[in-house]
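Since the structure comes first, as structure tokens, the remarks are kept for the end.
Proteins get letters first, then strands, A, B, ... in listed order; numbering begins at 1 in each. Predicted model, so just to flag it, every value in this text is computed and none were measured.
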Protein chains: 2
Amino acid sequence: MRKPTLEEVAAAAGVSKMTASRALRGAADVSRESVLKVSRAAEQLGYVGNRLALALSSQRTNLVSVVVPSMSNIVFAEVLAGISAGLEGSGMQAVFGITDYDPLKEHVVIRDMLSWQPAAIIVTGLEHGEETRRLLEQAKIPVIEIMDTDGYPIEFNIGLSHGVAGEEMAHALLGAGRRKFGYVGSALDKDLRAAKRKLGFEKVLKAAGLSFIAQSIAPEFSSAALGKRLTLEMLATAPEPDCIYYSNDDMAAGGLFACMQKGVAVPDQVLIAGFNGLELTAALPVKIATSCSPRRHMGEMAARIACRALTDERATLTRRIVFTPEITLGDHAMPDKQA
Amino acid sequence: MRKPTLEEVAAAAGVSKMTASRALRGAADVSRESVLKVSRAAEQLGYVGNRLALALSSQRTNLVSVVVPSMSNIVFAEVLAGISAGLEGSGMQAVFGITDYDPLKEHVVIRDMLSWQPAAIIVTGLEHGEETRRLLEQAKIPVIEIMDTDGYPIEFNIGLSHGVAGEEMAHALLGAGRRKFGYVGSALDKDLRAAKRKLGFEKVLKAAGLSFIAQSIAPEFSSAALGKRLTLEMLATAPEPDCIYYSNDDMAAGGLFACMQKGVAVPDQVLIAGFNGLELTAALPVKIATSCSPRRHMGEMAARIACRALTDERATLTRRIVFTPEITLGDHAMPDKQA
DNA sequence: ATGAAAGCGCTAACAG
DNA sequence: CTGTTAGCGCTTTCAT
């Protein structure tokens, strides 16, 4: 026995397919009686509508495709949670795809997503292969690029400038009196946004006649364990920096643990700065410096734009929203008061 | 101009719809020439197949629905990453839904997922509403319940016994010489697995003639910040425990930070134990005790079972896989050597 | 190796 | 308020 179809529900209720369809969708022009008969029949048969047929027939889906580079990074999970929450109540459904930071995989994933005829698509970052970009342009649905604003968006763009984030952090740290900067990062060839932050940071250092006196960069993905390892390495070899800029908070937290273990005073001896403003940083024994990225909020906003682009005039919506990450020096603000 | 259909590609290539269909799917019985003409036409028109039509027509999808309670918890993100990886190369596509630990939402989410006619469904935990359970049973697709094995599965079940995990941890901590136990947890009404661990733990304490001498439980979801706050509260009020069992590693990490801040020696004065074996714990200044849950692996395995249940004889597959979480006392193992 | 016909389960657009 | 007629874009099945 197959799964019951609308036709079978209709038959059981003694009405036509159309009446059943209308009744189940809560259409206005259906008699109370029909609604009752139909919903009872549906209930009784355990009827679950077939969205494939619905979508094909009505030529529209409630799908919002979301493409992110990774899932093992809490940051993207939070963005997804934001999108999911932002879609709540709209009747839209998020569908997620993961690229593993691989442009080729991104192409395949986006193609696969588009084949489901989503109503809108949200992708991470502004860098896509040429063909991938064409795919998105030709899809004729709202395209929302999130997280980054340093580049040329296809249509809608919500994020922050990582170049500027790096610059501002450099300014703040210089303002806090630091001069001997180290850099600890990972997978910069894949994490383009981390690379942009580093570039912005270096730009400001250069303008101040400075540059990183030590760098430790690994090809693996970021993690507290990696940040700890690289920091231990850096601390073991002269010259010792008075401030280390990390590719993100995971790495920075590891750096903090490394310092604690080596008896290096934080922030007196070494100031530690990350990026994201992870929830974890609020709990650390020493509050490190960080720029808070509104990642959940970005997700919610992207979701909202996706919905609005389908109802309101898509052309009148703001096409670019740039967040300014708030910098906090945490406990590090105290030793050398600034401003 | 709408998006090109197979028919248009076929026309452009000068063949019939069917030949085009076969050519694009790489069927055997198509002439080299046709394949060439069709693929060129498809390329040129920017053709992207319509999976809705494909699925409706062929009566099958490549969808594997996945339902998890939360996304802001790294644990589930890792499970999803595992599922995604496990599906890689199978042609299957994961679709994620989030329940926010709400049984009503779970029902809606599962219903929505099923309406897309997935080939299989993976859900978290064994506790579902009666109607939800019926929905899953009547779906006639492989149902895989993950994370937990303490209960009655619908079909396939992959996970670990959280009750036993709690018991084992209690044994280990007793073995390490601890006697004055505190408990710090959160959202136990929602996180049923954490509640099961606590029950298991308490059972063993009771058998040893003990019980928690202090408990601090908050309704919010777990986080390092919360673990820190609750621990500070607990440390501020007598009696002081010599060991605190946390609902998970996030909370435990916060507990460690609280101790560090208060100058409480860990583990000499207070031993800290969590659950999950998060990557973070490897980097902490002091390695806390924890049970390592193979969450990514569970995801991969669930994905593999989903695939196999579609190809092999579904009835012959192992229906239950129980992982044994490995307990590590970390740096805490040293002070009182055991076994 | 290719094509024609039928139909997947549903809704849009018209009738009544 | 209800029903009928046509598809949506693809694959399946059966011819050729």
Using side-chain heavy atoms (C-beta onward) and a distance below 4.5 Å, is A:L80 in contact with A:F96? yes
Determine the minimum heavy-atom distance between A:M71 and B:A81, stating which atoms define it. CB-CB, 3.9 Å
How about A:R320: does its CZ atom have over 12 heavy atoms from other parts shown lying under 6.0 Å from it? yes
Does the protein touch nucleotides 6-16 of chain C at the base, only the backbone, or not at all? Give it as B, S and - per nucleotide, heavy atoms under 4.0 Å. -BBBBBB----
Charged N to carboxylate O below 4.0 Å: is that the case for B:K196 and B:D148? yes
Backbone N/O of B:H162 and side chain of B:D150: donor-acceptor pair under 3.5 Å: yes
salt_bridge(B:R295, B:E78) N-O dist < 4.0 Å: yes
Five-pair end axes of the helix from C:dA1-D:dT16 to C:dG16-D:dC1 and the angle they enclose, rounded to 10°: 30°
So, OP1 or OP2 of D:dC1: does either fall under 4.0 Å of a side-chain N or O from A:S34? no
Pairing of A:K105 and B:E88 as salt bridge, 4.0 angstrom limit: yes
Return yes if a side-chain donor-acceptor contact under 3.5 Å exists between A:S21 and A:R25, otherwise no. yes
